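Bear in mind that the values here come from a model prediction, so they are computed numbers and not experimental data. Along the sequence shown, residues are numbered consecutively beginning with 1.
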Amino acid sequence: MITFKPGEIKKSGDMYFIYGDGGTGKTSLSKLFPGKKLLLTFDGSWNALVGTTDTAVMAFGKSDEVTLQRTVDKYLNQYLVNDAFDVIILDNVTALQNFVLENIDGASKDSRQNYQKLQAWFRSLANSLRDSHKTILATAHQIDNGGNGLDGKGRFEADMNQKTFNAFTGPFDVVGRIYKEKGERFIDMDTENGNHAKNRIDDRTLIKAEELLNNEEEKKEEN
């Protein structure tokens, strides 16, 4: 438990979950974050970070699958409690989920129990990230459910098991969908659109991707 005396409350790091199609620049969002960064990639994609000097990369692949949960827990337990990195990035949680589910499927024949274990592991992971008080960025692929009624609301969601998504993103401050339109990248954080979305940091609902960290409070302080 952490306690603060009145007037001495310290800000915790914000947590961002961004999902979208391939090629929309999810990995590149990490460049927006200042400080020393650790990126854990689960789909072998790190080319967007070639040339950066502030990011360490740990790339997990098929050979890591059978011990993936233990390995991820090991390194996060190590780096979440020290000052080696200011920002932790989990790149492609969709791939991470699929690896973990494959491991769980191999250990149990009860599919319902498998998904319960999956949800429990991701809930524990999210709580560990929150308890670190570091800035967190997690990315995932999206699912396009097609047109829904006349207004198309609720068309997009993260490519994750629904309950696992809820268990993981509960502690996150921002959930948004990144997409491209006329050559520009945008992030939709509007819950009323029916997609997976929320913004507990400020009142913005649609932003340019490069403005992700420029929240309203920071603008007030600058003025």
Task: Trp46 and Asp91 side chains, donor-acceptor separation under 3.5 Å - done: no

Task: Other residues, nucleotides, ligands: >12 heavy atoms within 6.0 Å of Tyr75 OH - done: no

Open item on the list: For Phe168 and Phe172, take the angle between the two ring planes, folded into 0 to 90°, and tell me which bin it lands in: parallel under 30, tilted 30 to 60, perpendicular over 60.
Closed with: tilted

TODO: Check for a donor-acceptor pair, side chain of Arg204 on one end and backbone N or O of Asn214 on the other, with a separation under 3.5 Å.
DONE: yes

Open item on the list: How long is the straight-line distance from OG of Ser128 back to CG of Asp73, given to the nearest 0.5 Å?
Closed with: 7.0 Å

Task: Gln69 side, atom CD; Lys117 side, atom NZ - distance, nearest 0.5 Å - done: 10.5 Å

- [ ] Give a yes or no on this: more than 12 heavy atoms of other residues, nucleotides or ligands lie within 6.0 Å of atom NZ of Lys36.
- [x] yes

Open item on the list: Grouping I, L, V, M, F, W and Y whenever their side-chain heavy atoms are under 4.5 Å apart, do Leu125 and Met58 come out in a common cluster?
Closed with: yes

TODO: Please confirm whether Phe165 and Phe17 have ring centers closer than 6.0 angstrom.
DONE: yes

Open item on the list: What's the separation between atom CG in Asp21 and atom CG in Asp144, rounded to the nearest 0.5 Å?
Closed with: 7.5 Å

Task: Flag for Asp188-Asn193: side-chain donor and acceptor within less than 3.5 Å - done: yes

Open item on the list: If I compare all heavy atoms of Leu101 with all of Leu118, which pair ends up nearest, and what's the gap?
Closed with: N-CD1, 4.0 Å

TODO: Could you check if a side-chain atom of Leu38 sits within less than 4.5 angstrom of a side-chain atom of Thr55, using non-hydrogen atoms only?
DONE: no

- [ ] May I ask you to test the Asp190-Leu206 pair for a side-chain heavy-atom distance under 4.5 Å?
- [x] no

Task: Heavy-atom side-chain contact between Asn199 and Thr191 under 4.5 Å - done: no

Task: Pi-cation contact, Tyr19 with Arg177 (under 6.0 Å, within 45°) - done: no

TODO: State whether the number of non-hydrogen atoms from other residues, nucleotides or ligands found under 6.0 Å of Asp83 atom CG is greater than 12.
DONE: no

TODO: Kindly determine whether Asp173 and Arg130 satisfy salt bridge (Lys or Arg N to Asp or Glu O under 4.0 Å), including the steps that lead there.
DONE: CA-CA 10 Å; Asp173 303 292; Arg130 171 55 79 189; 2.9 Å; yes

- [ ] Test Ile207 against Leu212 for side chain to side chain contact (heavy atoms under 4.5 Å, CB included), laying out the working first.
- [x] CA-CA 7 Å; Ile207 61 171; Leu212 177 60; 4.0 Å; yes

- [ ] Please tell me if the side chains of Thr139 and Leu90 come closer than 4.5 Å, counting only heavy atoms from C-beta onward.
- [x] no

Task: Side-chain heavy atoms of Glu184 within contact of Phe186, under 4.5 Å - done: yes

TODO: Work out which heavy atom in Asn161 is nearest to a heavy atom in Gln119; give both atom names and the distance.
DONE: OD1-NE2, 3.5 Å

Open item on the list: Before we go on, tell me: are the rings of His196 and Phe156 under 6.0 Å apart, centre to centre?
Closed with: no

Open item on the list: So which atom in Val93 and which in Ala138 form the shortest heavy-atom distance, rounded to 0.1 Å?
Closed with: CG2-CB, 3.9 Å

Task: Same apolar cluster: Ile143 and Ile178, side chain cutoff 4.5 Å - done: no

TODO: Using the rule that two of Ile, Leu, Val, Met, Phe, Trp, Tyr join whenever any of their side-chain heavy atoms come within less than 4.5 Å, decide whether Leu29 and Tyr179 are in one cluster.
DONE: no

Task: Enclosure of Glu192 CD (heavy-atom neighbours >12, cutoff 6.0 Å) - done: no

Task: Closest contact, heavy atoms only, Ala209 versus Leu32 - done: O-CD1, 3.4 Å

Open item on the list: Between Lys62 and Glu65, does any NZ, NE, NH1 or NH2 come within less than 4.0 Å of an OD or OE carboxylate oxygen?
Closed with: yes

Open item on the list: Here's a test for you: under side-chain contact (heavy atoms from CB on, under 4.5 Å), which of Leu96, Thr164, Asn103, Ile104 qualifies with Trp121?
Closed with: Leu96

- [ ] List for me each residue that meets side chain to side chain contact (heavy atoms under 4.5 Å, CB included) alongside Thr135, sequence neighbours excluded, and say none if there are none.
- [x] Tyr16, Phe33, Val87

Open item on the list: Between Glu210 and Arg185 (salt bridge meaning N to carboxylate O under 4.0 Å), is one present in this structure?
Closed with: no

- [ ] Following the transitive rule for hydrophobic clusters with a side-chain heavy-atom cut-off under 4.5 Å over Ile, Leu, Val, Met, Phe, Trp and Tyr, establish whether Phe42 and Tyr79 coincide in one cluster.
- [x] yes

- [ ] Any chance you could measure Met15, atom CE, to His133, atom NE2, to the nearest 0.5 Å?
- [x] 11.0 Å

Open item on the list: So, using side-chain hydrogen bond (donor to acceptor under 3.5 Å, both in side chains) as the criterion, who are the partners of Lys31 when residues are at least two apart?
Closed with: none

Task: Minimum-distance pair of heavy atoms, taken over all atoms of Pro34 and Leu213 - done: CD-CD1, 4.0 Å

- [ ] First locate atom CD1 of Ile136, then atom CG of Leu129, and finally report the distance between them rounded to the nearest 0.5 Å.
- [x] 4.5 Å

Task: Heavy-atom side-chain contact between Asp64 and Thr71 under 4.5 Å - done: no

TODO: Carefully, step by step, assess Ser30 and Leu49 under the rule side chain to side chain contact (heavy atoms under 4.5 Å, CB included).
DONE: CA-CA 9 Å; Ser30 65; Leu49 302 177; 3.2 Å; yes

Task: Heavy-atom pair of closest approach, residues Thr94 and Ala140 - done: OG1-CB, 3.5 Å

Open item on the list: We want to know whether Asn195 and Glu157 form a side-chain donor-acceptor pair, criterion being a heavy-atom distance below 3.5 angstrom.
Closed with: no

Task: Pair Asp203-Thr205, side-chain donor/acceptor within less than 3.5 Å - done: no

TODO: Look at Asp86 together with Lys37 and state whether they make a salt bridge at an N to O cut-off of under 4.0 Å.
DONE: no

Open item on the list: Strictly distance-based, threshold 3.5 Å: is any side-chain N or O of Lys134 a donor or acceptor partner for the main-chain N or O of Phe85?
Closed with: yes

Open item on the list: If we count only N and O atoms by modelled type, under 3.5 Å, do the side chains of Asn92 and His141 hold a donor and an acceptor together?
Closed with: yes

TODO: Look up atom OG1 in Thr24 and atom NZ in Lys180, then write down how far apart they are to the nearest 0.5 Å.
DONE: 7.5 Å

